[in-house]
Participant: 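Structure incoming, see below.
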Amino acid sequence: MAVNMSGEVVLAADRERVWAMLNDPEVLKICIPGCETFERDGENAFRAVAKVKIGPVNARFKGKVNLTDIDAPNSYRISGEGEGGVAGFAKGGAAVRLEPAEGGTRLVYDVEATVGGKIAQLGSRLVNSVAKKNADAFFAKFAEAVGGGTIVATEVEAANVATGGMS
Amino acid sequence: MTSTGIGAPVRRREDFRFITGSGQYVDDISRPGQAYAVFVRSPHAHAIIKNIDLSAARSAPGVLGIFTGNDLAADKIGGLICGWMIHSKDGSPMKVGPHPALATEKVRYVGDHVAVVIAESLNQARDAAELVAVDYETLPAAVDVAAAQNPGQPQIHAEAPNNTVYEWHLGDKEAVDAAFAQAAHVTKLELVNNRLIPNAMEPRAAIGEYDRGQDSYTLYTTSQNPHVARLVLSAFVGIAPEHKLRVIAPDVGGGFGSKIFIYAEETVCVWAARKVGRPVKWTADRTEAFLADAHGRDHVTTAELAVDGSGKMLGLRVKTKANLGAYLSTFSSSVPTYLYAPLLSGQYDIPAIYCEVDGVYTNTAPVDAYRGAGRPEATFVVERLVEVAARELGRDPAEFRMQNFIRSFPHQTPVIMTYDIGDYPTCMSKALELADYANFAERKAESERKGLLRGIGFSAYIEACGIAPSKAVGSLGAGVGLWESAEVRVNPVGTVEVLTGSHSHGQGHETTFAQLVSHRLGIPIDQISIIHGDTDKVQMGMGTYGSRSGAVGMSAISKALDKVVAKATKVAARCMEVPEETVDFNDGVFSARGTNKSMAFGEVALQAYVAHKFDSSEIEPGLKEGSFYDPKNFTFPAGVHIAEVEIDPETGVTRIDRWTAVDDFGTIINPMIVEGQVHGGIAQGVGQAMLEGAVYDASGQLLTASYMDYCMPRADDLPSFNVAMTNTPCPSNPLGIKGCGEAGAIAAPPALINAITNALGHENIAMPATPQAIWRAAQSSMRKMAAE
Amino acid sequence: MYAFDYQRPGSVSEAAALLADGSGAKLLAGGQTLIPTMKQRLASPPLVVDLGGVAELKGIDRAGDRLEIGAMATHAEIAESPVVASAIPGLCQVAEGIGDPHVRNRGTIGGSLANNDPAADYPAAVLALGATLHTNRRGLSADEFFQGLFTTALEEDEILTRISCPVPERFAYAKFPNPASRYAMVGVAVAKGPQGVRVAVTGAGQNGVFRATDMEAALANAFTPDALKGINVDPSLMSTDIHADAPYRAHLVAVMARRAVEAAAA
Amino acid sequence: MTEVTMTVNGESVSADIAPRTLLSQFLREHLRLTGTHVGCDTSQCGACVVHVDGRAVKSCTALAVSCAGSDVVTIEGLAKDGQLHPMQEAFREHHALQCGYCTPGMIMAAVDIVNRKGTELDERTIREELEGNICRCTGYHNIVKAVAAGAAAMSSGEIRQAAE
């Protein structure tokens, strides 16, 4: 099931510092909720393991993360796919853009992700909320790592449903 | 009428075992040494299988075997088939991609079968299945039936360009164009018939077994038609020749169409039993049932009705895209074609009808027959159009229907069917009376005083049951004949065993079929047993679906009983030493006219077996007769359902206040059972209209894969139903039976949507009409009213 | 299900000791969420600690102006309890509307609160009542306890033992059930009590149960349905799923709030 | 493995089982009491309902080990001394079952309704109380009638004939 989410956060650091942190696997590991490992696996490529906990559900996702469309220090696209065993899979990407802003740097992101398997089959009611929660958690941690900031907005768009027609 | 004969509300003989927990469903059966199968299923809607790594799984504890599509291919096990050939308008045969039981190169829907793991215990099989590592290259998915044929959509099967299986049509396009050219009024609707997931309460299950000594297989399976399963598994899949494959469908917990089909799981279980040398059992969990049982409905339709200045219907034009899913299931091709378009005349005299249907592949579960199969879709089109036309013309919807009802029979429609008999105005009048239509306006005013919206909706449905005769269906592309078989075995002391090719999975055949025998032979019902569901006992049969067991299955028994009585009459005549033509048979007694001689049925049976009193060169000993009965025509049950609803416009919550059903099923064997069939059908129709809908997201993930999200009708969603009957006996079979199993599911959806739209004053409501959809429509109606 | 070890301690301290090693043991209260999750293999605790044998977690009592409910009280026990019926009758109705009769016979208030499902009923009731949630080591206000989607203030090895509700002057809960799951698609609890007027909403928010503070302010002025007129709920804070989108949920929050006030004021 | 002892249909049973054994599995696989059915994975359909210490429980959502020491009654234990329970009789008399798969859970739930709500049950109450049991065949119409009649019979000891 698709998740489309966009948002922005103003970070208390200059663009170069934010950019550096966005490319630092150690920082990303700390900020990604439940992340257990985040290791370089080639140029602009990483391997990651993250534990996802949603209420009683516990799943460990293993996968790859790639950085593409790199335009330092302005923007990149971070994308990945992870396998969560019986829980299913998740894949997707985010276009991330940095702009100078009052008091630091504005980070604007636009996420498109899909989840499949049991998570979608059994947990569709929660997918959007969990995605937003994780995005908020990531940026809260990231802002903390950068040295402060505020989440301006996170918006989740309703997933579009193809067939069968409950509306 | 005897207390157990035709027409009596005999309490069901099968119930004792079910109310005491003594039924034997497939999962209740435990075979010595049985192992457990778990299927590895695709989490992707569309992907290339690049590699399957079984090494870790193979070394997991308890694993007896792991197989993939390549193993099936190596054993020359063929794919699953679709048994009905449809030809496109241009004469070309439908375009069908292969349907391997275990996918080989590609997976095509979420839940598609990739591998099977067989282990000592179910948990071990599950553990090992998690270790099967499948490397997928995911592909974009074509999910939306309305768009799947568009250029640039992902191609699901190379054999079917643009995902088009067929572009079929029926009727006279020019005549319809001419009718529309003359029309004073045209009503046009865009309709979606929502996708449903059947959800028989017993999930599908199978146990395959191989006997090395006999070189033969046994398959226990949750089937509505075990003989067809054997035929397909033998002749097409190539498991074993028919005489080496026994198929048993024991107690089956509901089917509703979904257990007609021959699926991958039973195919693999019976094949793998030989590979691992152990019985192999598989039972679906509910999520698997959601993912991989054949779904139902899923049409997108544009429909137009042309009416002249007096309100007379002139023509009907229908264009439908039918979602067939990722593979063609056993009878899927026929459902949106020959089970759909021929019903588009409804109960109305419509001179010209033209229907086009595109059968479309999508990356979703296969779609096939579900209770009603094509006929609910047709009835929804006709009865929504008729209701809306009446409203647009300012006509009372009941009276508008009355004006257009067919009144003389036989009636040839422009879409194949010859309706043999019916009395539609009587049904309507009776329904109007029972529904207290006359006082509806008062009730509506009363609701309004409480701030609630009340609406009433009609559905005058027709269905065609007992698809027949075989020669005709063969000419339409069916791969099988649609007759039924029966064998009546009279035992020497006069008890009777009836072997039938029909299969009961809730319909109560053990009772109704025995009622027929009791009625005809005049013997108590407890001396009769009905045997079905085992290919080693019953020689051949076509099974139970399409409301055919009464009209076709019981007619076969009736024919066999004719032969039994004829032979017994001969035996009785010899025993009583009277001419055969003077012997009458009534209430279980053979009596010689003009004498005081008589013999009870049991005595004659004994004499037939001892063969002491007749010349065996003239009369063969024994009393056992069979029949293969092929009906002359379909049967045409019809009726009127009236739904009345009350809507809370503030929340969209809709309460069904009244439901009136008047049905004409011809001869009724057991009114209690017939009413039960109507109740269940209505509930499923209400489910379709208000509660149920399969939802796939754009990537092909099924979001309604459990009862948390797929809304099953529950007791508090439904009212009690007011059910009544009229009766015009069917002239096309010896018993006058028409068939009642699907009527409710066919009639209910348009009745309810017509009631809801009547309450809202707003036609644009899709099924399922959820509280949210109704609330939104109510808001827009109220805004409209405020503006006026 | 994956294999696990099983322990059935007789006391809270024994149970706490079993959780202490941090290996991911799970408490089994009623099991009505945990067991289905484990059946789907979406949870794999190495150890399940069954609280069914801990007598000190049972019981429902009135203590002065407070209602004290043991964490292992089942929904059915609360629904049928004369003590609850006389103290907070609306809470009986909350319990009676959870799941179905069979689920209510196993599911417990403690299990539900500790799980904090965003569509569960109890969190709204407990938050509106301004209850204190006692654990084996501290007391937490409801406002502290609920921390968003499936998240509570409970530490991994902390056990919810008792829910202490001040008896309100008025309390009611109005629920719009999801037609399929029968969880709350929207549920609104309102209470007027020692802590003033409190309104808590479940099923609707993107981040679980929350307080509707503008409604509280309006109702503090006048505890009548009309006081809520004109208060709109911001759809951007609402969750969306295949059953209900955010604008519909926002609308239902207002409707259910009004109905809850009507019931509470009656 | 854990040793578990409980009373099932009046008889004490013991077995050595894995803790992950559900009560439904224990009944069906260990005791071969296959009248208790499993129809879903999410604790909703109610085909698996049995009584544990006098209360209706979904046996697919209870660990067998949690029921150690309990008194369990299944559909097989409802009839006493060869006499059908009035609720069983009512289900047959009122044609409250078709395929029979949901029936054991439905009957066990119905008896539980009477235990909790008394023998005089109106239609609304019955429909609401059946929230945890799904039937796909009957449309519930006859189940509702049967539960009312069975409840009345549990008080009077007699089954009223169904209205024809």
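For clarity, every value in this text was computed on a predicted model and none was experimentally measured.
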Participant: Is chain C contacted by the side chain of D:A68, its backbone, both, or neither, given a heavy-atom distance below 4.5 Å?
Facilitator: neither
Participant: Carefully, step by step, assess D:V65 and C:R8 under the rule side chain to side chain contact (heavy atoms under 4.5 Å, CB included).
Facilitator: CA-CA 9 Å; D:V65 285; C:R8 191 176 168 90; over 6 Å; no
Participant: Which atom pair, heavy atoms only, marks the closest approach of D:R116 to C:P101?
Facilitator: NH2-CB, 3.4 Å
Participant: Please report the closest heavy-atom contact between D:S66 and C:L28, naming both atoms and the distance.
Facilitator: OG-CD2, 3.6 Å
Participant: What closest approach, in Å, do C:Q32 and D:T61 show between heavy atoms, and which atom pair accounts for it?
Facilitator: NE2-O, 3.2 Å
Participant: Relative to chain D, which segment of C:S181 carries a heavy atom at a distance below 4.5 Å: side chain, backbone, both, or neither?
Facilitator: both
Participant: Please check: side-chain N/O of C:K39 versus main-chain N/O of D:L22, any donor-acceptor pairing under 3.5 Å?
Facilitator: no
Participant: Is C:A180 close to chain D through its backbone or its side chain, or both, or neither, when contacts mean heavy atoms under 4.5 Å?
Facilitator: backbone
Participant: With a 4.5 angstrom heavy-atom cut-off, could you sort out which part of C:Q7 is near chain D: side chain, backbone, both or neither?
Facilitator: neither
Participant: Side chain, backbone, both or neither: which part of C:L34 has a non-hydrogen atom closer than 4.5 Å to chain D?
Facilitator: neither
Participant: Whether the D:N133 and C:H102 side chains hold a donor-acceptor pair (N or O, under 3.5 Å, no angle test) is what I'd like checked.
Facilitator: yes
Participant: Nearest 0.5 Å, please: how far is OG in D:S43 from CG in C:D100?
Facilitator: 6.5 Å
Participant: How many angstroms lie between CG in D:L63 and CE in C:M1, if you round to the nearest 0.5 Å?
Facilitator: 5.5 Å
Participant: Would C:E80 and D:R55 count as a salt bridge (charged side-chain N to carboxylate O under 4.0 Å, His left out) here? Give the steps.
Facilitator: CA-CA 13 Å; C:E80 293 165 8; D:R55 311 281 311 211; 2.9 Å; yes
